[in-house]
Amino acid sequence: MKKVFLGLALLGILAVGYLVLDSFLFEGVRPQAINEQGFQANYFAHDTLSNQLAVVLIGGGQWGDYWASEFAKKGYAALSLPYTQAEGLPALPENIELEYFEKAINWLRDQEAVDQDKIIVMGASRNAELSLVLASTLPELIGGVIAFAPSAVSWSNTVLPYNSDELTASWTYKGKAIPYISMKKLRGGESEKLNTLAYWSAGLEDSLAVAKAIIPIEKIKGPVLLLSGKDDKVWPSASMADRLEERSKAYAFTYPFENIQYDDSGHLISTDPNQKEGPRKGQMTIEGKSYSFEFGGSASGDFKAKQDAYRRIMQYLEKR
C-alpha cells in the first residue's frame, strides 16, 4: 500500500512539474473551441486582450489554426472558422449560407478582446474567393480582406469534382445565390495529369458570365491585400488579382489596395513561411481514377514568397 501511495505521489509530482514546464515552454495562445450560436470555430486570444483587431481565417483547419496562433502571438484576436466536413456542418462546399459566417462574426464582435470595427477576413484559393465575397456582402461587419491566390469571380459548385452533379451556387445569402460562372465538371482523360489552369482560364473567357459573377470589390469597406504567384498552375490567380485591381480603379475604390505578385511561385504560398519544402503536385480523383496536377512555382520561389507575404500581412495589420 505504501508503494502504491508513493507511486501515486510521484505521478502527481511529475504531472505538476510537466504542467509548470509546459506553461514556460508554450509560447503561443491555446485555442478555445467554440460550438454555439450555430457555428464551430477555434478562438485564439490572450486572456488580457482588450479591444484589438481580429482576423477570421476562412476555412479553419490546420491552416487556419496556424495563422490564428501567429496573429494571437502578435497581440490580435483570431477565429479559425471551418464551414464544411465536420459534424453538424455541410459535407460539401455548395449552397453555403453566408449567414453562417455572419453569426460567427457577430459573436466575435461581442468579445471583450475584439474591436468590432476592426475585423478582417483571410482565405486562400477558393476560401480567398469566399473571403472577398463575404467582405463585399457584409461590409458593415468586415473591415478588410487578405486573400492568397484569389479569384475575381464566384464559381459554381461544379468546379469541384467531388461536389454533386447538379449545377448550383457555391454561396448564398438570404436565400439567393451569389451570382456565379456556370462550369461543366472537370473531366479526366487518358493522361494521368490534369491541366487545371486551362480549365479555370477557359471559364474566364466568357465576358458576359464574368461581368455577372465578378466580385464587387468596390463594396468592401476596408483595405485589400492580394497575394499571388505568377506561376500559379492551379488557377490564374495573378490575372484574376489584376481584374480585381482594374475594377477597384474603375470604381474609385477609396481604401488601400495592394496586388502583390511573386515570380517563380505557385498556388501554395499561404502555408507556414518557415517551411522551405512543400508538395509540388496535388492529387484529384475523378470518376474513380486518380490524377495529378501541378501547384506551380519552385520550392525556393515559394519560400521567398511566403516569407515576404508573412511580413506584408503583419504590416497590413499594424496599419489597421
Contact between Leu194 and Met284 at the side-chain level, heavy atoms closer than 4.5 Å - yes or no?
yes

For the atom pair OG (Ser156) and CE (Met183), what is the distance rounded to the nearest 0.5 Å?
6.5 Å

Point-to-point distance, once rounded to the nearest 0.5 Å, from CD1 of Ile286 to CG of Leu186:
4.0 Å

Would a line drawn from the ring center of Phe253 to the ring center of Tyr255 be shorter than 6.0 Å?
yes

Among Ile313, Val145, Leu317, which residue meets the side-chain contact (heavy atoms from CB on, under 4.5 Å) test with Met122?
Ile313

May I ask you to say whether Arg312 pairs ionically with Asp308, meaning some side-chain N is under 4.0 Å from a carboxylate O?
yes

I'd like to know if Glu294 and Lys193 make a salt bridge, using a cut-off of under 4.0 Å between side-chain N and carboxylate O.
no

Could you pull out every donor-acceptor pair under 3.5 Å between side chains of residues 203-216 and any protein atom, sequence neighbours left out?
residue : atom : partner : partner atom : Å
Asp206  : OD1  : Leu208  : N            : 3.1
Asp206  : OD1  : Ala209  : N            : 3.2

Can Tyr310 and Trp67 be said to form a ring-ring contact (aromatic ring centres under 6.0 Å, His included), step by step?
CA-CA 10 Å; Tyr310 185 96; Trp67 279 105; 5.6 Å; yes

Closest heavy-atom pair, Ser265 versus Asp302, reported as atoms and distance to 0.1 Å, is CA-OD1, 3.1 Å

Given the rule in the side chain to side chain contact (heavy atoms under 4.5 Å, CB included) test, do Ser125 and His267 qualify, once you have shown the distances and angles that lead to the verdict?
CA-CA 8 Å; Ser125 193; His267 195 70; 2.9 Å; yes

Any donor-acceptor pair under 3.5 Å linking the side chain of Glu97 with the backbone of Thr172?
no

Pairs of donor and acceptor atoms involving the side chains of residues 80-89, under 3.5 Å and at least two apart or interchain, shall be tabulated with distances.
residue : atom : partner : partner atom : Å
Ser80   : OG   : Asp65   : N            : 3.3
Ser80   : OG   : Asp65   : OD1          : 2.8
Tyr83   : OH   : Asn127  : OD1          : 2.5

